[in-house]
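Reading through the structure tokens given below for one structure.
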Amino acid sequence: MNLLLLGPPGAGKGTQAQRLMAHFEIPQLSTGEMLRAAVAEGSDLGKQAKIIMEAGELVPDGLMIGLISARIGQADCAKGFILDGFPRTTAQAEALDVMLDKKKLALDKVIHIVVDEEALIERIIGRYSCANCAAGYHDQFQQPICKDVCDQCGGENFSRRKDDNRETVQSRLKTYREQTAPIIPHYESDGRLVAIDGMAEIVSVGDEILAHF
Ligand code: AMP
């Protein structure tokens with residue numbers, strides 16, 4: 001099962017990818033996570049990506065295409081994968097087609113999570129996660145049951161993404177509108193694209209996605 005999640009920052013792609021991962025037993029390939037790991041490591045890629053990510057812009061296509069092509073070739077993707085955050089430009093979408101063709105693979109479904117952009121800024125700037133197990137929380141919508149203690153692992157350290165601040169989020173949304181939203185029609189033509197209402201509760205969004213399989 002090869003899946004692609006599309007939608008603006010804060011639409012819930014990462015959250016829904018977690019459920020799909022457990023359901024289909026396939027890995028989530030989040031290019032944002034890969035880049036954050038590279039930044040944390042201080043690798044050459046990380047050094048290049050850091051400034052771009054902090055500005056809410058896009059890392060060059062060539063780097064991203066190489067990264068995802070290598071990742072899809074790894075053993076844990078043999079049963080399938082969930083793409084989250086890639087492709088983000090027309091060039092990446094076209095390169096993905098070529099890459100999948102060469103590997104004799106295809107996308108089974110493209111899930112477009114549709115959200116009201118007005119709600120996204122508050123959604124994004126309030127979110128944080130457990131530094132130990134990555135469980136997601138939100139200042140307003142989903143606090144841990146015991147203040148400052150992770151519900152899932154009992155950890156007491158939490159972290160926020162550096163790019164989840166108001167200024168960078170506005171730039172990320174603009175980048176999405178200008179460079180990523182135009183790739184949606186690329187997937188509309190052959191019936192693989194399903195539009196999901198991403199404004200509903202997390203569980204209902206997940207149920208709606210799974211109802212398409
Ligand atoms: P995300 O975690 O998907 O919100 O991505 C965080 C940041 O990583 C984005 O704002 C971009 O700067 C960068 N990034 C992630 N995926 C890509 C991609 N496919 N192409 C270019 N830049 C990316």
Side-chain angles (χ1 to χ4, degrees), residues 2-18 20-21 27-72 77 81-100 107 110-113 115 117 119-131 134-138 159-184 186-187 198:
N2 302 321
L3 305 176
L4 164 57
L5 288 169
L6 282 176
K13 299 186 296 298
T15 305
Q16 297 305 331
Q18 293 293 318
L20 291 166
M21 225 166 102
Q28 169 197 15
L29 310 187
S30 158
T31 42
E33 286 298 331
M34 293 176 201
L35 292 171
R36 281 186 284 283
V39 171
E41 260 170 36
S43 66
D44 285 347
L45 171 64
K47 284 181 194 141
Q48 283 187 65
K50 189 170 186 287
I51 303 165
I52 299 172
M53 292 168 81
E54 284 171 8
E57 290 166 7
L58 294 180
V59 173
D61 287 331
L63 289 175
M64 300 313 300
I65 292 163
L67 194 67
I68 213 75
S69 174
R71 185 66 188 87
I72 287 176
C77 294
F81 48 79
I82 305 161
L83 288 171
D84 163 10
F86 182 97
R88 252 178 159 99
T89 61
T90 305
Q92 291 181 17
E94 287 168 355
L96 178 65
D97 287 347
V98 173
M99 193 189 304
L100 292 178
L107 294 172
V110 179
I111 299 154
H112 176 205
I113 307 183
V115 280
E117 212 186 274
L120 291 179
I121 296 185
E122 296 312 316
R123 252 198 204 191
I124 297 174
I125 61 180
R127 69 187 182 181
Y128 61 99
S129 60
C130 171
Y137 296 98
H138 193 279
S159 61
R160 286 177 196 264
R161 279 174 49 174
K162 226 175 164 191
D163 59 352
D164 279 353
N165 61 74
R166 195 172 290 274
E167 199 189 11
T168 309
V169 170
Q170 272 160 348
S171 165
R172 286 160 64 198
L173 289 171
K174 181 168 180 279
T175 302
Y176 177 81
R177 278 194 301 274
E178 292 176 356
Q179 300 193 57
T180 307
I183 71 174
I184 293 169
H186 183 79
Y187 297 106

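Just so you know, ligand 1 is whichever comes first in the structure, and atom 1 is the first atom listed for that ligand. Computed from a prediction, not measured in an experiment: that's the story for all the values here.
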Given the options Ile65, Leu67, Leu5, Phe86 meets side chain to side chain contact (heavy atoms under 4.5 Å, CB included) only with Ile65

Which ligand 1 atoms, with their elements, are less than 4.0 angstrom from a heavy-atom of Glu57? 11 (C), 12 (O)

Would you check the N or O atoms of Ile52, main chain and side chain alike, for any that come under 3.5 Å of an N or O of ligand 1? no

What protein heavy atom sits nearest atom 22 (N) of ligand 1, and how far off is it? Val59 N, 3.1 Å

Nearest-contact summary for atom 7 (C) of ligand 1 - protein heavy atom, Å: Met53 CE, 3.8 Å

Taking atom CZ of Arg166 as the centre, does the number of heavy atoms from other residues, nucleotides or ligands within less than 6.0 Å exceed 12? no

When you measure from the heavy atoms of Met34 to every atom of ligand 1, does any distance fall below 4.0 Å? no

Any nitrogen or oxygen of Thr31 lying under 3.5 Å from a nitrogen or oxygen in ligand 1? Just yes or no. yes

Where do Ile111 and Leu6 land on the side-chain contact (heavy atoms from CB on, under 4.5 Å) test, with the steps shown first? CA-CA 6 Å; Ile111 299 154; Leu6 282 176; over 6 Å; no

Residue portion contacting ligand 1 (non-hydrogen atoms closer than 4.0 Å) for Leu58: both

Any idea which protein heavy atom is nearest atom 20 (N) of ligand 1, and the distance to it? Gln92 NE2, 2.9 Å

Between Arg88, Lys13, Arg172, which one has a non-hydrogen atom sitting closest to atom 3 (O) of ligand 1? Arg88

How long is the straight-line distance from OH of Tyr176 back to CG of Leu173, given to the nearest 0.5 Å? 10.0 Å

For ligand 1, indicate whether the residue Asp163 contacts it via side chain, backbone, both or neither (heavy-atom separation under 4.0 Å). side chain

Before giving the answer on salt bridge (Lys or Arg N to Asp or Glu O under 4.0 Å), spell out for Glu57 and Arg172 the whole-Å C-alpha distance, their side-chain angles and the decisive distance to 0.1 Å. CA-CA 6 Å; Glu57 290 166 7; Arg172 286 160 64 198; over 6 Å; no

Check this for me - ligand 1, Gly85, N or O atoms closer than 3.5 angstrom, yes or no? yes

Under 3.5 Å, is there a donor-acceptor pair between the side chain of Ser159 and the main chain of Ala131? no

Could you check atom 13 (C) of ligand 1 against the protein and tell me its nearest heavy-atom contact, residue, atom and distance included? Leu35 CD1, 3.4 Å

Going from CG on Leu58 to CD on Glu178, what distance comes out if it is rounded to the nearest 0.5 angstrom? 10.0 Å

Does Arg123 use its side chain to pair, donor to acceptor, with the backbone of Gly10 at less than 3.5 Å? yes

Please check whether Glu33 reaches ligand 1 - meaning an N/O of the residue sits under 3.5 Å from an N/O of the ligand, judged on distance alone. no

Quick one: does Arg36 get within less than 4.0 Å of ligand 1, heavy atoms only? yes

Could you find the nearest protein heavy atom to atom 6 (C) of ligand 1 and give me its residue, atom name and distance? Arg161 NH2, 3.5 Å

